[in-house]
Amino acid sequence: MIAVAVFGVIMAMLLAAVVVAPMVEERKRSEPQPGDEEAVRLERALDTLRRLQFDYETGKLDEEDYAALRREHADAAIAARDELASKDPQNAAVAGEPAAAGQVRCAGCGSTLPPSVQFCTNCGIPAPQPFDSSGE
């Protein structure tokens, strides 16, 4: 009888640890570290862009409002990304590289994308179309 009670207590403690651990980990990740203001601003701007895209696709925003808000938050994301890249030389080298012929850079996160994708594989916002010099 005592063995069953001990087993039950141990199982309850393990279950509590499994339930509480993700909450504790999320809190650790969500707390900004000193000097991470640009990273926090970038993540918030990208999150806002994702939410705007979702709201537009579900019909909560009309096209005019979506375009204005997307432009505003994309500019904020680009500014935060550039500030973050200027602080971290490793990121600055990647951000400063031109895209290869036919490839485009994501306006939200700066990832190099092949011309065939419609959405950024890193942050999920719509990918810009490659520049067509023929004027079509």
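Quantities reported herein were computed from a predicted structural model and do not represent experimental measurements.
Taking a cutoff of 4.0 Å between a charged side-chain nitrogen and a carboxylate oxygen, R51 and D47 qualify as a salt bridge.
Hydrophobic clustering (ILVMFWY, side-chain heavy atoms < 4.5 Å, transitive): L49 and L69 are in distinct clusters.
When the side-chain hydrogen bond (donor to acceptor under 3.5 Å, both in side chains) test is applied to R71, no partner is found at least two apart in sequence or on another chain. In this view, E43 and R50 satisfy the salt bridge (charged side-chain N to carboxylate O under 4.0 Å, His left out) rule, not counting sequence neighbours. Checked against side-chain contact (heavy atoms from CB on, under 4.5 Å), E57 has the following partners two or more places apart in sequence or in another chain: Q53, F119. Scored by the side-chain contact (heavy atoms from CB on, under 4.5 Å) test, I78 finds R81, D82, A107 as partners (sequence neighbours excluded). Partners of F54 under the ring-ring contact (aromatic ring centres under 6.0 Å, His included) rule, at least two apart in sequence or in another chain, do not exist in this structure. For V6, the side-chain contact (heavy atoms from CB on, under 4.5 Å) partners at least two apart in sequence or on another chain are I2, I10.
Heavy-atom minimum distance, D62 versus D65: OD1-N, 2.9 Å. Summarising the geometry of A45 relative to H73, their closest heavy-atom pair is CB-O, 4.0 Å, with the distance given to 0.1 Å.
Atom CZ in R70 sits 13.0 Å away from atom CG in L61 (nearest 0.5 Å).
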